[in-house]
Structure formats: structure tokens, C-alpha cells
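Report on the structure given below.
What you see is a predicted model; the values in this text were computed from it and never measured.
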Amino acid sequence: MTNDLSARFAEAGLDITVEQWRALIPAYKRDGLTQGELCEVMSQEKTGVSRLVSALEKRGLLRRESSKADRRVKFLYITEAGRTLIESSFEPVVHVLAQTVKDVDPAELAICQKVLWQIITSPEREEKLLQNVECSS
């Protein structure tokens, strides 16, 4: 799926990797999330996310602001260029998702989505998010 999405991005002339796209989507959905929250959403280590954010910031797609209360905490804001890029990616993403599940029985897909959503939103996961100290900045 990642390879298909990379190919679709290239065909559409979108200069973004799937990993960068995955980092921009949460900022697109919720401006001002912390870099620590992005770590949790992406299920990635702090250093990897920090490199991604730096690359996106250098490209003018994302900007970081330090918290006034705690300079270690960085808030992330998507730029207009980042917003435009994400909106341009909708068609290729929808196409790849549709192709990926085209041969899956709709009832089975619904069960799969329901189970995955239960895993993602489990109380234990939410508690871990609230207690995550290592990835807080």
C-alpha cells in the first residue's frame, strides 16, 4: 500500500513521501498538537518524528512553536503550503484505499475496521498517551 501510494503521489506530481504525509495529516486535522502527541499518533520514537518535523519545517509545510509555559514542549502548525499539499493528496489516497480493499467482502471489512478502531481507542492506549513522558516534547 505504501509503494502504491508513493507511486500515486509521484504520478500526481506531489513532492512528499508517505512518511511525511503521515506526519502532516494529524497537523492538518488538529492545528497546534504537540510533537509528543504526533509521536503517539504515528507510533514512532521521538527522534524519528523530530527528524520528520524538521524536514517538513525546512520545506515550509509545517512550523514549530515552543510553549510559553515549557520551552521543551513544541506545538506544530501546518502552513498554507502544507494544507494545500494535503488537500491535493486526497484523490490519490482515496484511489489507493479503494484499490486496496476492492476485493475484500464489505461485511468483513466493516468488522476489521471496528476491531482496529477498538484497539486504537482502547482505554489503555489513551491512558498511555496521557502518561507518555518520554515523547512529551
[X] side chain near [Y] side chain, heavy-atom distance below 4.5 Å:
{"X": "Met42", "Y": "Leu52", "value": "yes"}
{"X": "Leu61", "Y": "Ile78", "value": "no"}
{"X": "Cys39", "Y": "Gln44", "value": "no"}
{"X": "Ser66", "Y": "Val73", "value": "no"}
{"X": "Phe9", "Y": "Val93", "value": "yes"}

Do any pairs count as a side chain to side chain donor-acceptor pair (under 3.5 Å) and have a residue in residues 48-58, sequence neighbours left out, and if so which ones?
->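 Listed once each, the pairs are Ser54-Arg64, Glu57-Arg64.
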Can you list every pair that meets side chain to side chain donor-acceptor pair (under 3.5 Å) and has a residue in residues 78-94, with sequence neighbours left out?
->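 Matches after skipping sequence neighbours: Trp21-Ser89, Tyr28-Glu87.
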Working for side-chain contact (heavy atoms from CB on, under 4.5 Å), residues Lys46 and Gln35 | CA-CA 8 Å; Lys46 182 179 177 180; Gln35 198 164 312; 5.6 Å; no
Residues in side-chain contact (heavy atoms from CB on, under 4.5 Å) with Ala55, at least two apart?
-> Gln20
Taking only residues two or more places apart in sequence or in another chain, which ones pass side-chain contact (heavy atoms from CB on, under 4.5 Å) with Glu65?
-> Arg63, Tyr77
Minimum heavy-atom separation for [X] to [Y], with atom names?
{"X": "Ala23", "Y": "Leu38", "value": "O-CD1, 3.7 Å"}
{"X": "Ala27", "Y": "Leu62", "value": "CB-CD1, 3.7 Å"}
{"X": "Leu24", "Y": "Ile16", "value": "CD1-CD1, 3.7 Å"}
{"X": "Ala81", "Y": "Gly60", "value": "CB-O, 3.8 Å"}

Please list all pairs passing the salt bridge (charged side-chain N to carboxylate O under 4.0 Å, His left out) test where one or both residues lie in residues 3-12, with sequence neighbours left out.
-> Arg8-Glu11
Look at the side-chain heavy atoms of Ile, Leu, Val, Met, Phe, Trp and Tyr, link any pair under 4.5 Å apart, and say whether Ile25 and Leu97 land in one connected group.
->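 In one cluster: yes.
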Nearest 0.5 Å, what's the OG1-CD distance between Thr17 and Glu19?
->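 Atom-to-atom, Thr17:OG1 and Glu19:CD are 6.0 Å apart.
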Quick one: do Glu37 and Leu76 satisfy side-chain contact (heavy atoms from CB on, under 4.5 Å)? Show the steps, please.
-> CA-CA 10 Å; Glu37 290 168 329; Leu76 304 175; over 6 Å; no
Side chain to side chain donor-acceptor pair (under 3.5 Å) partners for Asn3, two or more places apart |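 Counting only residues at least two positions away or on another chain, Asn3 forms no side chain to side chain donor-acceptor pair (under 3.5 Å).
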Less than 3.5 Å apart, which donor and acceptor atoms pair up between the side chains of residues 98-114 and the rest of the protein, not counting sequence neighbours?
from   : atom 1 : to     : atom 2 : distance (Å)
Thr100 : OG1    : Val96  : O      : 2.7
Asp105 : OD2    : Ala107 : N      : 2.9
Asp105 : OD2    : Glu108 : N      : 3.1

